[in-house]
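Note sheet for the following structure.
Computed from a predicted model, the values in this text were never measured in an experiment.
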Amino acid sequence: MTGVSGQHIIIVGGGMTGGLLGVLLAEAGLLVTVLDGAPVPVLPVGPAQLRVSTLTEASYWLLRNSGVWDCLNQDRVQPYNAMHVWDQDGTGEVRFSAEEAGAETLGWLVENGHLTAALYQRAQSLPLLSWHCGASVESARRNDSGWDVICGGERLQADLLVGADGARSQVRDWAGISGGATDSGHHALVATIGTALPHGGCARQVFMESGPLALLPLYSDPAQGEQRQCSIVWSGWPARIDALRQCDEARFAMELQAAVADVLGEVSLLSERVVFPIQPRHASQYVAPALALVGDAAHVIHPLAGQGVNLGLLDAAVLAEEVVRAYNRGLGCADSHALARYQRRRRGENLVMQNAMRGFQQLFEQRALPLRWLRNTGMRMVNQGGPLKAFFVNRALGRSADLPILAQAPRLARNSG
């Protein structure tokens, strides 16, 4: 390794994306500090957390190859081997299976806080990574050699500053980069439900005029019985979602069962109902001199396909790959060409996914008969198999032509080297 002595990378934000980036950079021999305003993350116990994420095959290999997967409590990780998507206002449906995709599973459901805690645990074994919790960054200013960062009244010097601090990123603002926020016209309600019928490791989603509703299979809770617990993400018009949040539990259960045509039998509410606005955004740039944005600081998409976290994890992996390559060549961790390659590899990919989600949302909101016929016919054609279905399956698995090495299965990684 050639490297550059004295290089220091500061990551603002210690969630899933920032945490993974810190682990990958420190594993490669770079000095990294993560500054996070949240408390120390701990592995969850008891009821399932409200916010969960679907992890693709690419995300799995990232976590596996970085040693993070082994830090997860596997009893709280739920694989799913099937997907069922249908149109409530028609006959169109698509079913995917791991078997037809040539994969062991289509993905995994993990609580967000669970994954963050696993990343934090992995970080404790890396001497070059310092992860500070309860550390609110007050300001950051560009200087001749990088960035001056003020945190807790202390001045820190960063050769490379990374914003992993979410949709309302201060780092993005300090760099003068536009966040590009838009209003999707949707709010989302998240909750945990119990079901009379087992979910069978199948992720389900129904598209309605008012918005999509996803039922995501959760790990087995002994109190609920085997495979009888799901996380729901119900997206829709604000007035509709607010009414669902305020109605009594019996009314909510009735509305939910009707929306999903009783696919899991009688349902019961196991948690509070939390609502948040869906505000997609896409930063005008992912990079600036000695600075990069990753995850929600760079892009936010509609949650209807469950790809947001996966895109962020791939951001982290590609940025780490480019920074480490430059560092090992003696170019410094903030090499402008390396940062430009990161932006080139990720911004277009993320924009395609964002536009696709916007297109799906708008398509299923249309009630005109020709469009309803078109979307139902299209879903039936996809379900018949062939190249189009294979394309959607590969996207769901996170497979693409430009995966970072650590996001590939070991066999693929060896072949690509």
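Contact check on D148 versus R141 returns no salt bridge, with no Lys/Arg side-chain nitrogen under 4.0 Å from an Asp/Glu carboxylate oxygen. Between E226 and R228, no side-chain nitrogen of the basic residue sits less than 4.0 Å from a carboxylate oxygen of the acidic one, so the salt-bridge criterion is not met.
Using modelled atom types, one side-chain atom of E138 and one backbone atom of G153 make a donor-acceptor pair closer than 3.5 Å. Counting only distance, with no hydrogens or angles, the side chain of Q88 and the backbone of F207 share no donor-acceptor pair below 3.5 Å. Side-chain atoms of D159 come within 3.5 Å of backbone atoms of H8 as a donor-acceptor pair (strictly under, hydrogens ignored). D165 places a side-chain N or O within 3.5 Å of a backbone atom of Q170 that can act as its donor or acceptor partner. Put simply, the side chain of T33 never gets that close to the backbone of I10: no donor and acceptor are under 3.5 Å apart. Judged by distance alone, the side chain of Q408 and the main-chain N or O of L403 form a donor-acceptor pair under 3.5 Å.
At least one side-chain heavy atom of L50 sits under 4.5 Å from a side-chain heavy atom of T192.
In this structure, the salt bridge (Lys or Arg N to Asp or Glu O under 4.0 Å) partners of E255, at least two apart in sequence or on a different chain, are R240, R251. Under the salt bridge (Lys or Arg N to Asp or Glu O under 4.0 Å) criterion, R341 pairs with E322, not counting sequence neighbours. Looking at residues two or more places apart in sequence or on another chain, you find a ring pair (Phe, Tyr, Trp, His ring centres under 6.0 Å) between Y60 and W69, W108. For D242, the salt bridge (Lys or Arg N to Asp or Glu O under 4.0 Å) partners are R245, not counting sequence neighbours. The salt bridge (Lys or Arg N to Asp or Glu O under 4.0 Å) check on E111 picks up R76, with sequence neighbours excluded.
Counting only residues at least two apart or in different chains, ring pair (Phe, Tyr, Trp, His ring centres under 6.0 Å) contacts with residues 149-176 are absent.
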